[in-house]
Amino acid sequence: MSNIRHALNVKREDDFAKWYQEVISAADLAEESGVRGCMVIKPWGYGIWERYQRLMDDRIKAAGIQNAYFPLFIPLANFEREADHVDGFAKEMAVVTHHRLIADGKGGLVPDPDAKLEEPLVVRPTSETIIGDAMARWVQSWRDLPLMINQWANVVRWEMRTRMFLRTSEFLWQEGHTAHATREEALEETHRALEMYRACVEDDLAMPVIAGEKPEHERFPGADETWSIEAMMQDGKALQAGTSHYLGTSFAKAAGIQYQDSEGTQQLCHTTSWGTSTRLIGGVIMTHGDDDGLRVPPRIAPHQIVILPMLRDKPEDADVLAYCEQVRKALTAEWSMGEPIRVLLDKSPGKAAAKRWEWVRKGAPVIVEVGPRDMSEGKVAVMRRDALWNLENGKTAMSFTPRDEFVSGASKLLEDIQDSLYAEARDRRDANITRGLTEWSEVAEFFRSNGKYPGWVEVQWAKPTGAALEKVVEQLKAEKLTVRNVPRDSEAADGTCIFTGEKAVERILVARAY
RNA sequence: CGGGGAGUGGCGCAGCCUGGUAGCGCACCUGUUUUGGGUACAGGGGGUCGCAAGUUCGAAUCUUGUCUCCCCGACCA
């Protein structure tokens, strides 16, 4: 409806990149910090991250993995041990070379030349090497295995081009690292982690994903296998939402992670690593955001229900507040999706209408307004953020519900919102994956002719390697396309390779990507 | 890192070409008004124009450097 007055100035369909930035500022998620590529995550954005942390951490612990913390600084020499790893990260590393500043005589400070570090330290871009060191100390016998560690930390990668949440120089993440006796066990763990991600991202963030293996040229530096979950954003681009790697024995070799087996022989461990980051918040924005701001899925919403009293500087204000407080208390005693309902009674001064739009932009799942008349009728005015508009009249859709009915139905309401956000995203994704193209020229043409939101294409290929693969990558690059992954649950190949015409061996997803 | 664009009150922008030390909308504050829904009117507060140096009697405006952001490219577990 064109007569709807949306809360944002930019619409998704007009300028998706600009819209994305506007959501971040309008929903008060984060802001620029003045330091290149680094952002300040504000309370509402951080609150969403904390919800993710809590839910993911529960899953990690339930899988028998323990949290620990390793240093931010890694000796340079550690990095030099694994050749592919060096190649992958060397060009984007922050390096610490001094440990003291002195006055430069002009009122400023400079690194003290006399305080140069013997060996430079790098700021971790990931922790395989330093955790590998620890594992080498901790593992002696087959009885010490499997060793399964996770850490929540910040990492730094000196990115050339940054975008808030999606690619920042410093970001927050969790990285899991495990060591196993055999290849089979390590592979099993690689998949278990991937499945943990799929479940958390789909069930908690309401972001449908496709799990699969990354092609050879997209592997983590040093990994034997890299698996990912890929999500489709509202502009049809793909976002790698999490990765899980089987590292083989190369990191074990580099760090000396060995165990004595039951026969008394020294064996190398097989290791894995897997990670998800604050990039997921960017995914939530681009999956669930709309032209009125963010829509936060209830499971990760810091406040699931926000109550706004309509205060007017009148004597009955106190009664309205008391009534709201009763509603708040009653809701807090209710549970939804396995946890107590999180309710905020927003008593901050200010007009109710202004506060309402603030919470709309932030994406609180349910907004409840209460005025004197609601109170006298024993009702509340309820808005669902995922169904904000009455399309008939272009006004906000509000249902005036008896208080007790609202309270007792709140649990189900939140579940419904969680489900409907997921269903909406899943349907959109499914409607935008095209299958059946059999020639490369068709694929190239498809992406050229389908405008701004072409979505993804699933095609078959012969899984080329070496020079043949390089040629394919060049072809894709010319169209700004990438191979996302080989979907784990896709059907077996039954056709020919779109690149070579040979017999195909598997199906791949091709898409533009973040 | 290469090419292009931009930084002016919280947000969005005008002013810059043709130097004379700031203005608009929204937001904010005060008052009145209105009151089932992003009310209206009046008054008001807030910015040394990213930072630094230079040219000039005088710089938001011209020059240079620098930082940050955006777009394209290269690069990116």
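Here is how names work: the chains are called A, B, and so on, in the same order as the sequence lines, proteins then strands, and each is numbered from 1.
- Side-chain N or O atoms of Trp152(A) include none that pairs as donor or acceptor with a backbone N or O of Gln53(A) at under 3.5 Å.
- Checking rG25(B) for Watson-Crick or G-U wobble geometry (two distances, each under 3.5 Å) identifies rC11(B) as its partner.
- Nearest heavy-atom pair across Glu31(A) and Met164(A) is C-CE, 3.4 Å.
- Under the side-chain contact (heavy atoms from CB on, under 4.5 Å) criterion, Ser33(A) pairs with Val35(A), Cys38(A), Val40(A), not counting sequence neighbours.
- Look at rA40(B): its Watson-Crick or wobble partner, with both distances under 3.5 angstrom, is rU32(B).
- Residue Lys379(A) is classed as having no contact, given no heavy-atom separation below 4.0 Å to the nucleic acid.
- Rounded to the nearest 0.5 angstrom, Asp28(A) CG and Lys362(A) NZ are separated by 5.0 Å.
- Note: CZ (Arg161(A)) to P (rU68(B)) measures 17 Å, nearest angstrom.
- Minimum atom distance to the side chain of Thr162(A) is reached by rC70(B), of the listed rC1(B), rU68(B), rC70(B).
- Side-chain atoms of Glu170(A) never come within 3.5 Å of backbone atoms of Val155(A) as a donor-acceptor pair (strictly under, hydrogens ignored).
- If Gly34(A) and Val155(A) are placed on RNA chain B by their nearest nucleotide, the residue sitting closer to the 5' end is Gly34(A).
- Within the 4.5 Å cutoff, side-chain heavy atoms of Ile305(A) are placed close to those of Phe406(A).
- Here rA52(B) sits opposite rU64(B) as a Watson-Crick or G-U wobble pair (both hydrogen-bonding atom distances under 3.5 Å).
- By the 30° and 60° cut-offs, the orientation of the rings of Phe79(A) relative to His85(A) is parallel.
- Distance, Glu170(A) CD to rC76(B) C1': 18 Å, rounded to whole Å.
- Nucleic acid contact for Phe171(A): base, since at least one base atom lies under 4.0 Å from a heavy atom of the residue.
- The stretch residues 8-25 of chain A touches RNA chain B through Ala17(A), Gln21(A), each having a heavy atom within less than 4.0 Å of the strand.
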Base versus backbone protein contacts along nucleotides 3-8 of chain B [heavy-atom cut-off under 4.0 Å; B, S, -]: ------
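- Across the interface with RNA chain B, nearest-nucleotide mapping of Arg279(A) and Asp292(A) shows Asp292(A) to be the residue nearer the 5′ end.
- For the salt bridge (charged side-chain N to carboxylate O under 4.0 Å, His left out) criterion with Arg12(A), the lone passing option out of Asp235(A), Asp290(A), Asp291(A) is Asp291(A).
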Let's go through Arg219(A) and Glu225(A) carefully: what are the C-alpha distance in whole Å and the side-chain angles of both, what is the deciding distance for salt bridge (Lys or Arg N to Asp or Glu O under 4.0 Å) to 0.1 Å, and is it a yes or a no? CA-CA 7 Å; Arg219(A) 271 183 209 142; Glu225(A) 289 182 18; over 6 Å; no
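- Although no hydrogens or angles enter the test, the distance criterion places no donor-acceptor pair under 3.5 Å between the side chain of Lys18(A) and the main chain of Asp14(A).
- For rG2(B), the paired base is rC72(B) (Watson-Crick or G-U wobble, both distances below 3.5 Å).
- Comparing rC76(B) with rU63(B), their P atoms sit 38 Å apart, to the nearest whole Å.
- Taking atom CD on Glu92(A) and atom C1' on rA74(B), their separation rounds to 14 Å, with Å as the unit.
- Taking atom CH2 of Trp357(A) as the reference point, atom P of rU39(B) lies 11 Å away to the nearest angstrom.
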Only pairs under 3.5 Å count here: list side-chain donor-acceptor contacts from residues 128-136 of chain A, not counting sequence neighbours, and write none if there are none.
residue   : atom : partner   : partner atom : Å
Glu128(A) : OE1  : Thr126(A) : OG1          : 2.5
Glu128(A) : OE2  : Ser273(A) : OG           : 2.6
Asp133(A) : OD1  : Arg81(A)  : NH1          : 2.8
Asp133(A) : OD2  : Asn78(A)  : ND2          : 3.1

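- Across all strands shown, Arg361(A) has no heavy atoms under 4.0 Å from either base or sugar-phosphate atoms.
- Lys91(A) has no side-chain polar atom (N or O) that falls below the 4.0 Å cut-off from OP1 or OP2 of rA74(B).
- For residues 230-246 of chain A, proximity to RNA chain B is found at Gln240(A), Thr243(A), His245(A), defined as any non-hydrogen atom under 4.0 angstrom from a strand atom.
- Side-chain contact of Glu175(A) with His177(A): a donor-acceptor pair under 3.5 Å is present, judged by distance alone.
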Given protein heavy atoms under 4.0 Å, the one-letter contact record of nucleotides 27-37 of chain B, with B base, S sugar-phosphate only and - none, is simply --------BBB
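- Looking at heavy-atom distances under 4.0 Å, Lys355(A) makes no contact with the nucleic acid at all.
- Using a 4.0 Å heavy-atom criterion, one finds that Trp359(A) contacts no nucleic acid atom at all.
- Spacing between atom NE2 of His6(A) and atom P of rC26(B) amounts to 21 Å, rounded to whole angstrom units.
- Remark: the backbone N or O of Ala63(A) is paired with a side-chain donor or acceptor of Arg192(A) at under 3.5 angstrom.
- As rounded to whole Å, 13 Å separates atom C1' of rC76(B) from atom CH2 of Trp173(A).
- Separation of the P atoms belonging to rG23(B) and rG9(B) is 14 Å when rounded to the nearest angstrom.
- Rounded to whole Å, the distance from CD on Glu159(A) to P on rC1(B) is 14 Å.
- His303(A) and Trp359(A) have perpendicular rings, their planes meeting at more than 60° on a 0 to 90° scale where under 30° would count as parallel.
- By the 30° and 60° cut-offs, the orientation of the rings of Phe220(A) relative to His245(A) is parallel.
- At a threshold of 4.0 angstrom between heavy atoms, the contacts of Arg167(A) include nucleobase atoms, whether or not backbone atoms are also involved.
- Of the side-chain N and O atoms in Arg163(A), none sit less than 4.0 angstrom from OP1 or OP2 of rC76(B).
- For Trp357(A) and His6(A), the gap between ring centers reaches or exceeds 6.0 Å.
- Atoms CE (Met164(A)) and P (rC69(B)) sit 9 Å apart, rounded to a whole Å.
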